[in-house]
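Before anything else, here's the structure in question.
In what follows, every chain begins at residue 1, and chains take the letters A, B, ... in the order their sequences are listed.
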Amino acid sequence: MNFKEILTNWYSVNKRELPWRKTKNPYYIWLSEIILQQTQIKQGLPYYEAFVTNFPTIFDLANASEEEVLKLWQGLGYYSRARNLHFTAKYIVNELNGIFPNTYKELLKLKGIGDYTASAIASICFNEPTAVVDGNVYRFLSRHYGIETPINTTEGFKTFKALATELIDTNNPADFNQAIMEFGATQCKPKNPECTRCPFNSSCEALKNDTISKLPVKLKKTKVSKKHFNFLVCISSDKKTVFNKRTGKGIWKNLYQFPLVETKSSLSVDDFKTHPLVKDFFNGQRYDFTLYNETEIIHKLSHQHLHTKFWIIEVNTLPEEGIYITELHNYPTPVLISNFLNDFNFPV
DNA sequence: AATCCGGGGCG
DNA sequence: CGCCCAGGATT
């Protein structure tokens with residue numbers, strides 16, 4: 001048997017039953033692929049179910065507000081995926097009469113769709129022999145063929161894309177692509193791959209040379225930076241608080257949070273008392289405050305560690321427009337904020 | 001080509 | 001605690 005026969009045979013026996021494997025509808029495949037970017041199936045599955053239930057067609061998604069979409073996406077991370085998903089749904093409905101593009105080249109033009117997702121949709125839905133290259137493919141191919149080119153470089157991408165394109169089963173690109181990814185995910189795993197019962201263990205270069213743990217090669221990434229966040233949790237006498245949408249280009253765009261004071265270092269109670277931005281925020285009004293968490297909450301993102309303090313501040317009237325505390329849970333927020341909302345007992 | 005963007009799980 | 005995950009956009 002050749003490579004593609006071994007692989008697709010393995011897949012026919014070992015594939016998992018997943019909801020998006022029961023359809024070739026490009027809307028559902030697109031939805032699943034966006035949700036599963038940099039996300040494991042176990043984590044993404046409930047979100048996929050929720051999106052299909054709330055937005056059964058691309059028209060439903062296009063007609064929703066961005067806020068509804070972000071709310072449903074809450075907790076999944078990489079929120080630009082949700083914004084691009086919504087943008088592209090509206091684009092397809094309004095500019096393409098709701099008809100999904102059906103070639104790799106056209107799919108690639110859509111916002112939020114790059115090489116991987118265009119290849120996945122084109123092959124799975126339209127039988128175009130475009131090879132997918134994701135983390136699973138990098139790992140499996142680098143091990144099987146003993147390729148040491150770093151995967152997070154342009155050369156690495158080109159090398160593995162070309163190899164996967166050579167290997168793909170042009171008669172059944174849909175199953176081949178899903179098979180090679182499934183194989184990487186459940187058989188040729190990052191840690192403790194199942195080499196003893198692997199159908200490729202007689203031809204695997206890495207197994208032969210004992211380099212499984214060294215492959216794929218990945219260049220070191222940049223170090224994480226430390227930031228200090230101070231959230232101002234206002235409580236007015238009429239049970240309202242200030243809760244605003246993040247704007248600009250940084251993290252958590254369009255998600256909601258309490259007013260934020262970012263500082264160079266950790267803020268003590270005395271620092272807080274005299275901090276110009278805090279005094280400025282309350283515009284001279286007097287206020288009583290307590291520090292909610294004595295020890296900082298360290299919220300870890302891939303490139304930032306957010307050292308966070310929540311300050312509970314009682315005021316007579318809010319310094320700016322606010323919302324009722326009972327409405328807080330209706331807004332899309334980062335996990336850092338929603339955890340606080342779950343843990344903190346607002347006075348009633 | 002390098003950097004940024006989240007959050008969860010695993011060993 | 002470091003690494004990995006069905007990547008893409010921006011600079």
Side-chain angles (χ1 to χ4, degrees), chain A residues 15-16 18-21 28-48 70 73-85 87-88 107-121 123-124 131-140 150-158 160-161 164 174 176-186 188-193 213-225 227 246 248-255 298-306 332-339:
Chain A
K15 68 187 273 195
R16 291 169 287 184
L18 296 167
W20 48 85
R21 290 194 173 147
Y28 292 126
I29 299 300
W30 171 56
L31 204 49
S32 71
E33 294 297 346
I34 300 298
I35 288 173
L36 293 172
Q37 286 169 8
Q38 299 297 102
T39 304
Q40 300 194 343
I41 286 179
K42 190 174 166 189
Q43 188 193 1
L45 189 52
Y47 287 84
Y48 175 82
L70 283 171
W73 198 272
Q74 180 177 307
L76 199 52
Y78 283 122
Y79 296 94
S80 64
R81 291 185 292 171
R83 293 189 299 268
N84 289 337
L85 183 81
F87 178 94
T88 294
L107 288 162
L108 199 52
K109 294 177 182 171
L110 300 173
K111 191 172 287 190
I113 294 185
D115 183 85
Y116 164 75
T117 306
S119 301
I121 298 174
S123 61
I124 294 171
V132 291
V133 178
D134 72 340
N136 295 310
V137 175
Y138 279 128
R139 188 171 53 254
F140 173 37
I151 61 173
N152 53 343
T153 60
T154 303
E155 188 197 350
F157 173 75
K158 285 181 181 169
F160 286 95
K161 179 80 177 180
F176 179 90
N177 274 345
Q178 292 183 84
I180 196 169
M181 291 190 284
E182 185 84 338
F183 189 83
T186 67
C188 196
K189 298 177 292 186
K191 300 283 172 63
N192 304 324
S213 62
K214 299 186 187 313
L215 293 172
V217 175
K218 203 170 182 179
L219 264 34
K220 293 236 189 307
K221 43 185 175 269
T222 56
K223 54 184 178 297
V224 299
S225 62
K227 291 190 169 183
R246 283 184 72 100
K249 301 174 70 70
I251 61 169
W252 299 335
K253 183 183 174 189
N254 293 5
L255 299 183
I298 304 174
H299 187 75
K300 292 176 179 176
L301 308 181
S302 46
H303 296 289
Q304 298 175 23
H305 287 185
L306 309 179
T333 73
V335 164
L336 177 59
I337 302 292
S338 60
N339 284 347

For A/Ile151, is there any backbone N or O sitting under 3.5 Å from a side-chain donor or acceptor partner on A/Thr153?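 Flag not set: sc A/Thr153 to bb A/Ile151 has no pair under 3.5 Å.
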Starting from C1' on C/dC3, measure out to CD on A/Gln40 and report it in whole angstrom.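 Between C1' of C/dC3 and CD of A/Gln40: 11 Å.
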Look only at the side chain of A/Arg83 and the backbone of A/Asn254, and say whether a donor-acceptor pair between them is shorter than 3.5 Å.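 Side chain of A/Arg83 to backbone of A/Asn254, a donor-acceptor pair under 3.5 Å: no, none is there.
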In this structure, how many angstroms lie between the P atom of B/dC5 and the CZ atom of A/Arg83, rounded?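 Rounded to the whole Å, the gap is 11 Å.
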Can you find a heavy atom in the side chain of A/Trp30 that is under 4.5 Å from one in the side chain of A/Ile113?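 The answer is yes; the side chains approach within 4.5 Å.
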How many whole angstroms separate atom CD of A/Glu33 from atom P of C/dG7?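 Atom CD in A/Glu33 sits about 9 Å away from atom P in C/dG7.
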Distance below 4.0 Å between A/His299 side-chain N/O and B/dG7 OP1 or OP2: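 Looking at the OP1 and OP2 atoms of B/dG7, one of them is under 4.0 Å from a side-chain N or O of A/His299.
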For A/Gly77 and for A/Glu155, locate the closest nucleotide of DNA chain B by heavy-atom distance; then report the residue assigned to the nucleotide nearer the 5' terminus.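 Here A/Glu155 is the residue nearer the 5' end.
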Looking at the side chain of A/Gln43, which of B/dG8, C/dG7, B/dG11 is the nearest nucleotide?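 The listed nucleotide nearest to A/Gln43's side chain is B/dG8.
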Think A/Lys42 has a side-chain N or O under 4.0 angstrom from the OP1 or OP2 of B/dC10?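 For B/dC10, OP1/OP2 do have a side-chain N/O of A/Lys42 under 4.0 Å.
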Short side-chain N/O contact to C/dG7 OP1/OP2 from A/Gln38, under 4.0 Å: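 Yes, within the criterion.
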Under 4.0 Å, heavy atoms only, any strand: does A/Glu182 hit a base, just the sugar-phosphate, or nothing?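 Base contact - A/Glu182 has a heavy atom under 4.0 Å of at least one base atom.
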Ignoring hydrogens and angles, are the base of B/dG6 and the side chain of A/Tyr78 linked by a donor-acceptor pair under 3.5 Å?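 Donor-acceptor pair under 3.5 Å: yes.
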Does A/Trp73 make a side-chain N or O approach to OP1 or OP2 of B/dC5 shorter than 4.0 Å?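 False: A/Trp73 side-chain N/O out of range (4.0 Å or more) of B/dC5 OP1/OP2.
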With a cut-off of less than 4.0 Å, is there a side-chain N or O of A/Thr39 near OP1 or OP2 of C/dA6?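 Answer is no, no contact under 4.0 Å.
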Mind calculating the distance between CG (A/Leu255) and P (B/dG6) to the nearest angstrom?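 Distance, rounded to whole Å: 8 Å.
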Sugar-phosphate, base or nothing in reach of A/Asp115, heavy atoms under 4.0 Å: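 Since only primed, P, OP1 and OP2 atoms lie under 4.0 Å of A/Asp115, the category is sugar-phosphate.
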Given that A/Gln178 and A/Asn84 both sit by DNA chain C, which one's nearest nucleotide is further toward the 5' end?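 By nearest-heavy-atom nucleotide position, the 5'-most residue is A/Gln178.
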Applying a 4.0 Å non-hydrogen cut-off, can you work out what A/Thr117 is touching in the nucleic acid: base, sugar-phosphate, or nothing?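 Since only primed, P, OP1 and OP2 atoms lie under 4.0 Å of A/Thr117, the category is sugar-phosphate.
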For a 4.5 angstrom cut-off between non-hydrogen side-chain atoms, does A/Phe160 reach A/Asp134?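 A/Phe160 vs A/Asp134: side chains apart.
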Return the nearest nucleotide to the side chain of A/Trp252; candidates are C/dC4, B/dG6, C/dA6.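 The nucleotide sitting nearest to the side chain is B/dG6.
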Rounded to whole Å, please give me the gap between CG in A/Leu215 and C1' in C/dC4.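 For the pair A/Leu215 CG and C/dC4 C1', the rounded distance is 15 Å.
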Say whether, by atom type as modelled, one donor and one acceptor occur between the side chain of A/Arg16 and the main chain of A/Thr186 under 3.5 angstrom.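 Checked: no pair found.
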Between C/dC3 atom P and A/Lys214 atom NZ, what is the distance in whole Å?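 After rounding, the reported distance stands at 14 Å.
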Under 3.5 Å: donor-acceptor pair, side chain of A/Tyr138, backbone of A/Val217: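 Such a contact is absent between A/Tyr138 side chain and A/Val217 backbone.
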Would you call the rings of A/Phe140 and A/Phe183 parallel, tilted or perpendicular, taking 30° and 60° as the class edges?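 Ring orientation, 0 to 90° scale: tilted.
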Once you apply a heavy-atom cut-off of 4.0 Å, does A/Ile113 come out as touching a base, just sugar-phosphate, or nothing?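 Here A/Ile113 touches the backbone only, sparing every base.
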Look at the side-chain N and O atoms of A/Tyr79 and state whether any lies under 4.0 Å from the OP1 or OP2 oxygen of B/dG7.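 Result: yes.
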If you measure from the P atom in C/dT10 to the same atom in B/dG6, how many Å do you get, rounded?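 14 Å, rounded to whole Å.
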Span that lies between the C1' atom of C/dA6 and that of B/dG11, in whole angstrom: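 The same atom, C1', in both gives a distance of 22 Å.
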Pick base, sugar-phosphate or nothing for A/Gly184, based on heavy-atom distances below 4.0 Å to the nucleic acid.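 Nothing: the residue A/Gly184, judged by heavy atoms under 4.0 Å, touches no strand.
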A/Leu70 CG - B/dG7 P separation (whole Å):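 About 12 Å, once rounded to whole Å.
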So what does A/Trp20 hit on the nucleic acid, given a heavy-atom distance under 4.0 Å: a base, only sugar-phosphate, or nothing?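 Result for A/Trp20 = base.
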Whole-Å distance separating the NZ atom of A/Lys227 from the C1' atom of B/dC5: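 Whole-Å distance recorded here is 11 Å.
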Both A/Lys191 and A/Ser80 contact DNA chain B. Which one's nearest nucleotide lies toward the 5' end?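 Whichever sits nearer the 5' end wins; that is A/Ser80.
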